[in-house]
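First listed ligand is number 1; within each ligand, the first listed atom is number 1.
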Amino acid sequence: MLRVAVVGSGPSGCYTAQSLVQQDPEVRVDVLDRLPCPYGLVRYGVAPDHEKIKSLQNNLRSVLEHERVRFLGGVAVGPGGVPAARLRELYHAVVYCVGAATDRHLGIPGEDLPGSWSATEFVSWYSAHPDAADDGFVQGVRSAVVIGVGNVAVDVTRMLARGVTELAPTDMPQAALTSLAKSRVTDIHMVGRRGPSQARFTTKELRELGTLPGTAVLVDRREAGTDPAFLDPSGLPNAQRRNVEVLRGWADAPPAPEARRRIRLRFYLRPVELLERNGRVGAVRFERTAPDGDGGGGVRGTGRFEEIEAQLVLRSVGYRGVPLEGLPFDATTGTVPHRAGRVLRGEAAASGEYVSGWIKRGPTGVIGTNRPCAKETVASLLADAAELEQREVPSDPLPHLRAEGVEPVGWAGWCAIERAEADLGASLGRSVVKLPDWESLLAAARTAGA
Ligand code: NAP
């Protein structure tokens, strides 16, 4: 009987486990996660007001509740946890589905000033990630700059613009809700270094910005019109054409002086420095760019500069994978080299080591993209199964994991966390409210064994 460890319980980990049990009638799968809670970016990345996407948790849940799948939370693999080499001894195969755990950097002066954060840090805070920084984020902020024009940039822009009445019904932690309820942010500038037709957001997400109560979305027709495709979008592929049409609609909209907040979508501005005022970020200096004329969407600098006031800067320029102990790593792409999901050591496939999800293909695509990605990896793994099963492994790896000094949070522990979050919500007069720190998560999980 094949025993597989899946490291990571986000969408790619869950789809890998699902594919395994669907295709092999005997395989047993342990899904390990560093956190005591499952679901990865669905729990800690999808914005709290995106309830429909969040409800995907129900699908992932049915995978983790499968009789031949076991969730083992609170198990770190690598330094400080279970060594990767030990994990290999305990299972026939290990599939790493660890995502892209860090954010890309801009590499410009002032990036580390107080008030400058990666969008990931802000997302972690309002998503109650137990490792999140405990900062008010919006305290004393009137004007915020979001650098980048992808879907994460849209998420954080929207969260900055939402009012407390819209946020209170979500599962956002109480401290973040209280802080955002007091927000005095009036202007949010979401800034792209290229043109409207090169923006990475998707139209559904973009359009949602125009539905926020009391918020005007502003696009400067002259600036956006630097992009020839903004003036005539007819030749663009569908996805970009729809984006440009939405942006054109906003550029043509009459002024909305009654709006309490403004989202300004800016283009052709490349960040060059974050400027300090009174010991923290006070503005972002940009160089204006223009199309380079090569027709490939590239830009060149113009030598003209502009400053935008900002007491909060969120850098939303993409995620990046981090190297895993004992595994090869391509520092250029931030991924583990692989062939159809088999980890490659040089030209040769490493026996029993696989990858799936963002650590395999880089941080792109929607949640559903992880399904075919997992299927490909599982097909490779099952093709190798006869050889992998030659090696003896323990019938139950759990006592051996415990011998490594970890005390996994099992499914009952996670269910106890869910109950504690429902109870917390009820005590606050809200629906489910997430527990935001390690202590309360582990205390809740322990009640399962009591
Ligand atoms: P992304 O889509 O790759 O967007 C990154 C943005 O950062 C781009 O606009 C990029 O511009 C810009 N950028 C990169 N380096 C820069 C620099 N040095 N200076 C200025 N701008 C820079 O990444 P993401 O927004 O983090 O999203 C990651 C993935 O998650 C995407 O596939 C996304 O669709 C998905 N996601 C989906 C949802 C949803 O469906 N609701 C929500 C969140 C995330 P250039 O194009 O010029 O490089």
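At least one side-chain heavy atom of R277 sits under 4.5 Å from a side-chain heavy atom of L275.
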Are any protein N/O atoms closer than 3.5 Å to the N/O atoms of ligand 1? If there are, list each pair with names and the distance to one decimal place.
residue: ligand 1; atom: 3 (O); partner: R200; partner atom: NH1; Å: 3.0
residue: ligand 1; atom: 7 (O); partner: S316; partner atom: O; Å: 3.4
residue: ligand 1; atom: 9 (O); partner: V149; partner atom: N; Å: 3.1
residue: ligand 1; atom: 15 (N); partner: R193; partner atom: NH2; Å: 3.4
residue: ligand 1; atom: 18 (N); partner: R193; partner atom: NH1; Å: 3.4
residue: ligand 1; atom: 25 (O); partner: N151; partner atom: N; Å: 3.3
residue: ligand 1; atom: 25 (O); partner: V152; partner atom: N; Å: 3.1
residue: ligand 1; atom: 32 (O); partner: G365; partner atom: N; Å: 2.9
residue: ligand 1; atom: 32 (O); partner: G365; partner atom: O; Å: 3.3
residue: ligand 1; atom: 34 (O); partner: N151; partner atom: ND2; Å: 3.0
residue: ligand 1; atom: 41 (N); partner: E205; partner atom: OE2; Å: 3.2
residue: ligand 1; atom: 46 (O); partner: R194; partner atom: NH2; Å: 2.8
residue: ligand 1; atom: 46 (O); partner: R200; partner atom: NE; Å: 3.3
residue: ligand 1; atom: 46 (O); partner: R200; partner atom: NH2; Å: 3.3
residue: ligand 1; atom: 47 (O); partner: R193; partner atom: NE; Å: 2.9
residue: ligand 1; atom: 47 (O); partner: R194; partner atom: NE; Å: 2.8
residue: ligand 1; atom: 48 (O); partner: R193; partner atom: NH2; Å: 2.7

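Each ring-ring contact (aromatic ring centres under 6.0 Å, His included) pair with one or both residues in residues 285-331, not counting sequence neighbours, appears once here: Y319-W358. Listed by first and then second residue, the side chain to side chain donor-acceptor pair (under 3.5 Å) pairs that reach into residues 34-49 are R34-D131, R43-E421, D49-R158, D49-R162, sequence neighbours excluded.
For T289, the side-chain hydrogen bond (donor to acceptor under 3.5 Å, both in side chains) criterion is met by no residue, not counting sequence neighbours.
R371 and E376 are not joined by a salt bridge, as no carboxylate oxygen comes within less than 4.0 angstrom of a charged side-chain nitrogen. Between D171 and R430 there is no salt bridge, since none of the side-chain N atoms of the basic residue sits less than 4.0 Å from a carboxylate O of the acidic one.
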